[in-house]
Structures are given as structure tokens and as C-alpha cells.
Amino acid sequence: RHSVVVMSDVPAIAFALSYLGGLLLAFVSHPRWGLFTYLGAFYLHPPYRWWGTALPEFRWSLVAAVVTALSMSSTKLPPNVKPWSSHTLSKIVMLYVLYMWIQTAWANPRHLEGVILLTKYVVMFYVIYRLITDQKGLVDFALAHVAGCLYFGILALEARGGGRLEYIGGLVAND
């Protein structure tokens with residue numbers, strides 16, 4: 001590989017710079033930027049993209065999630081917002097996931113995979129609740145999802161082959 005940046009490296013460089021910028025903004029502006037960086041890593045998922053070979057192997061989503069969690073420690077809930085755990089739906093979801101963890105003692109070994117995924121969903125539910133506390137944040141969050149789904153749609157339109165759309169989505173949305 002040449003030491004000169006070639007045009008095929010431009011998307012990888014753009015992703016890496018926006019990723020690092022989002023993580024930095026999570027600390028200096030608002031943790032919501034960490035959540036948006038996580039969404040970018042989810043939808044763009046470099047290892048599944050042709051341009052991703054120019055980037056090192058890296059846990060893009062995990063690092064964005066950890067940075068978001070660390071940056072959240074300095075953010076307080078607005079005074080009119082109830083704590084996440086005080087909502088009935090939150091309690092039901094947490095109890096269900098606890099029940100699923102208890103079942104791992106006697107369930108099929110593949111059960112653990114689902115329990116871990118549900119646990120991640122509960123954590124994501126909490127993070128979204130904590131960081132999306134106003135209408136502007138909700139609109140920004142929705143637009144980030146719309147942009148990601150638009151990207152998936154473009155990949156689907158460009159897909160070749162018959163039958164299934166494989167490797168269109170991100171890490172856990174690949175088929």
C-alpha cells in the first residue's frame with residue numbers, strides 16, 4: 001500500500017474524523033453527540049463497507065457507547081423529568097430481563113445470546129431516555145435514524161444478486 005492517500009481512502013478518513021469529532025463533542029458539548037456517534041457506527045459499520053478496509057479493526061460501537069456513558073456522568077436530568085426507573089414500563093422491562101438472566105441457569109446455551117441482546121436494549125433504552133429530554137433532541141435523534149435508514153435503502157437499491165439482502169445493515173442488522 002502506498003503512503004499517499006488515494007481517493008478510495010476518503011470515505012474512511014471522513015468516517016474516522018467524524019467519529020472522533022462526535023466523541024470529542026460528547027465531552028465538550030453534550031453526551032447526545034456520543035449517542036449520535038454510536039448511531040453512525042451502527043449504520044455505517046466500517047467492517048461491512050468497501051472503504052472500511054482502510055481503517056483498523058476496532059470496536060466502533062463499543063467505544064462510542066463507553067464514551068457516551070462516561071460523558072453522561074456530568075449531565076443532570078432537567079427538573080421536570082422523572083427518573084427512568086420510576087416509570088412502570090422501565091420496571092417491567094428490567095424485571096423481564098432479570099427473569100431472562102435467571103433462566104440462563106437451565107435454558108439452552110443459545111438463550112444467553114438473546115439475554116445479552118435484551119440487556120443491551122435496556123441500557124440503550126436508559127441512555128436514550130437520559131439524553132433525549134426535549135423536542136429538539138427527539139427531532140435530531142429521529143433524523144439521525146432517518147438518515148441511517150436512507151443509507152440502508154441506498155445500499156439495498158445498489159445490491160446485486162438474487163433473493164436476500166445480506167450485509168446491507170450494520171453489525172446486528174446484516175440480514
Side-chain angles (χ1 to χ4, degrees), residues 5 8-78 81 83-85 87 89-90 93-94 97 100-101 112-156 165-175:
V5 174
S8 63
D9 291 337
V10 171
I13 293 169
F15 173 83
L17 289 175
S18 62
Y19 181 86
L20 293 172
L23 297 182
L24 179 65
L25 283 171
F27 284 110
V28 299
S29 179
H30 193 280
R32 192 179 299 152
W33 285 102
L35 179 60
F36 293 151
T37 303
Y38 176 86
L39 287 175
F42 172 81
Y43 282 112
L44 296 172
H45 193 58
Y48 281 17
R49 308 296 166 235
W50 61 267
W51 49 264
T53 57
L55 296 171
E57 291 230 2
F58 191 67
R59 300 286 306 266
W60 301 100
S61 296
L62 178 63
V63 171
V66 169
V67 166
T68 303
L70 292 172
S71 66
M72 281 175 55
S73 63
S74 64
T75 305
K76 304 284 187 246
L77 272 175
V81 177
W84 177 74
S85 59
H87 293 278
L89 180 59
S90 301
V93 170
M94 286 188 293
V97 171
M100 295 292 289
W101 274 106
L112 182 61
E113 184 179 318
V115 175
I116 290 171
L117 185 61
L118 284 173
T119 304
K120 289 178 182 180
Y121 288 157
V122 170
V123 172
M124 182 58 76
F125 180 26
Y126 169 75
V127 168
I128 291 169
Y129 182 85
R130 280 281 280 113
L131 297 180
I132 309 300
T133 57
D134 59 5
Q135 187 172 358
K136 182 187 178 334
L138 182 60
V139 169
D140 291 347
F141 185 68
L143 288 175
H145 274 297
V146 168
C149 290
L150 176 66
Y151 180 65
F152 280 2
I154 291 168
L155 292 176
L165 289 172
E166 294 184 348
Y167 298 103
I168 295 298
L171 182 59
V172 294
N174 61 353
D175 60 358

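Hydrogens, waters and symmetry mates are skipped; everything else that's a heavy atom, side chains included, is used.
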Subject >> Distance (rounded to the nearest 0.5 Å) between Leu143 CG and Phe36 CZ >> reply: 9.0 Å

**OP:** Considering non-hydrogen atoms only, spot the tightest contact between Gly22 and Thr37 and give its length.
**Re:** CA-OG1, 3.1 Å

**OP:** Heavy atoms only: give me the nearest Ser61-Phe42 pair and the separation to one decimal.
**Re:** OG-N, 4.2 Å

Subject >> Between OG on residue Ser18 and CG on residue Leu23, distance to nearest 0.5 Å >> reply: 9.5 Å

Subject >> Pairs where residues 134-150 contributes a residue and the test side-chain hydrogen bond (donor to acceptor under 3.5 Å, both in side chains) is met, not counting sequence neighbours >> reply: Tyr43-His145, Lys136-Asp140

**OP:** Keeping the roles fixed (side chain from Ser90, backbone from Trp84), state whether a donor-acceptor pair exists under 3.5 Å.
**Re:** yes

**OP:** Please assess Leu155 against Arg49 for the test side chain to side chain contact (heavy atoms under 4.5 Å, CB included), listing each intermediate value before the final yes or no.
**Re:** CA-CA 10 Å; Leu155 292 176; Arg49 308 296 166 235; 3.6 Å; yes

Original post:
Between CG of Leu39 and CE of Met124, what distance do you get to the nearest 0.5 Å?
Top reply: 6.5 Å

Original post:
Do the side chain of Ser29 and the main chain of Ala26 share a donor and acceptor less than 3.5 angstrom apart?
Top reply: no

Subject >> Nearest-0.5 Å distance that lies between atom CZ in Phe125 and atom NE2 in His87 >> reply: 8.0 Å

**OP:** Please step through side chain to side chain contact (heavy atoms under 4.5 Å, CB included) for the pair Tyr126 and Val122, ending with a clear verdict.
**Re:** CA-CA 6 Å; Tyr126 169 75; Val122 170; 5.7 Å; no

Original post:
Do Leu70 and Phe27 come within less than 4.5 Å of each other through their side chains, counting heavy atoms only?
Top reply: yes

Original post:
With a 4.5 Å heavy-atom cut-off, do Leu112 and Trp101 have their side chains touching?
Top reply: yes

Original post:
Which atoms form the tightest heavy-atom contact between Arg130 and Lys76, and what is the distance?
Top reply: NH1-C, 4.0 Å

Subject >> Main-chain N/O of Thr68 paired with Tyr38 side-chain donor or acceptor, under 3.5 Å >> reply: no

Original post:
So His30 and Leu131, side chain to side chain contact (heavy atoms under 4.5 Å, CB included) or not? Walk me through it.
Top reply: CA-CA 9 Å; His30 193 280; Leu131 297 180; 4.2 Å; yes

**OP:** Please step through side chain to side chain contact (heavy atoms under 4.5 Å, CB included) for the pair Tyr19 and Leu44, ending with a clear verdict.
**Re:** CA-CA 11 Å; Tyr19 181 86; Leu44 296 172; over 6 Å; no

**OP:** Decide yes or no for Pro47 and Trp60: does some side-chain heavy atom of the first lie under 4.5 Å from some side-chain heavy atom of the second?
**Re:** yes

